[in-house]
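Have a look at the structure below before the remarks.
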Amino acid sequence: MMDAETKELWQAAVKVRQNAYTPYSHFKVGAALLAASGKIYCGCNIENASYGLTCCAERNAIFAAVCAGERDFKALCVVADSDKPVAPCGACRQVIAEFGIPKVVMSNLQGDIKIMTAEELLPYSFNAASMDEKGEK
Ligand code: THU
C-alpha cells in the first residue's frame with residue numbers, strides 16, 4: 001500500500017509518462033519529484049535519432065526542478081510499464097546522488113513499489129566532497 005504522498009507522486013509520474021517521446025525504444029517512463037517547497041516537478045524520457053542523446057525521465061524531472069530554483073528534494077517516483085518496479089540507470093543515479101534524494105520510489109503501472117535512498121542506489125559515489133579531499137588547488 002502506498003502512503004498519500006507516494007500515491008500523489010506516482011499518479012503524477014503515470015500522467016507525465018504519457019508524454020514520453022519514445023519512437024525508438026517504445027519504452028515510456030515517467031518521473032515525479034517532490035521538492036521541499038511542496039511543489040511537484042515532472043519529467044518523461046525524450047529520445048533522439050542519435051540514440052545517445054536520449055534523456056531519461058528522472059533527469060528531466062530533476063533538471064526541470066533545478067531550473068525552477070529548487071535544490072532540496074523529498075522524494076522521486078519513477079514509473080514504467082515493467083513487470084518489476086523500474087530501476088534508474090547509472091547516469092540518473094549519479095544525478096540523484098548529486099542532490100541526495102532521500103527517497104526514490106521505483107514503480108510500475110500496477111503500482112508495485114520498491115523504495116531506496118540515493119546512497120543505496122549509488123554507494124561510494126563520486127561527489128563534491130571527493131574533490132575537496134585532495135586535489136590541485
Ligand atoms: N529510461 C528512463 O527514462 N528511465 C529509466 O529509469 C530507465 C530508462 C529510458 C531511456 C530510454 O528512452 C528508454 O527508457 C529505454 O532505455
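In each ligand, atom 1 is the first atom listed, and ligand 1 is the first ligand listed. These numbers come from the heavy atoms of this one structure, side chains and all, not from hydrogens, waters or symmetry mates.
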Original post:
Should we say atom CG of Asp3 is surrounded by more than 12 heavy atoms from elsewhere, each under 6.0 Å from it?
Top reply: yes
**OP:** Examine ligand 1 and decide if any of its atoms is less than 4.0 Å from a heavy atom belonging to Cys92.
**Re:** no
**OP:** Before signing off on this row, confirm whether Thr22 and ligand 1 have an N or O atom pair separated by under 3.5 Å.
**Re:** no
Original post:
Which residue and non-hydrogen atom of the protein lie closest to atom 16 (O) of ligand 1, and at what distance in Å?
Top reply: Phe27 CD2, 4.9 Å
**OP:** For ligand 1, indicate whether the residue Ala87 contacts it via side chain, backbone, both or neither (heavy-atom separation under 4.0 Å).
**Re:** backbone
**OP:** Please report which non-hydrogen protein atom sits nearest to atom 4 (N) of ligand 1, along with the residue it belongs to and the distance in Å to one decimal place.
**Re:** Glu58 OE1, 2.8 Å
Original post:
Does ligand 1 have a heavy atom under 4.0 Å from the side chain of Cys56, from its backbone, from both, or from neither?
Top reply: both
Original post:
Got Val16 and Asn60 here, is their nearest side-chain heavy-atom distance under 4.5 Å?
Top reply: no
Subject >> Over 12 non-hydrogen atoms of neighbours within 6.0 angstrom of CD in Gln11 >> reply: yes
Original post:
Would Ile113 and Val14 show up in the same hydrophobic cluster when neighbours are defined by side-chain heavy atoms closer than 4.5 Å?
Top reply: yes
Original post:
Between Tyr51 and Tyr24, how do the two ring planes meet: parallel, tilted or perpendicular, split at 30° and 60°?
Top reply: tilted
**OP:** Look at ligand 1 and say whether Thr54 reaches it with a heavy atom at a distance under 4.0 Å.
**Re:** yes
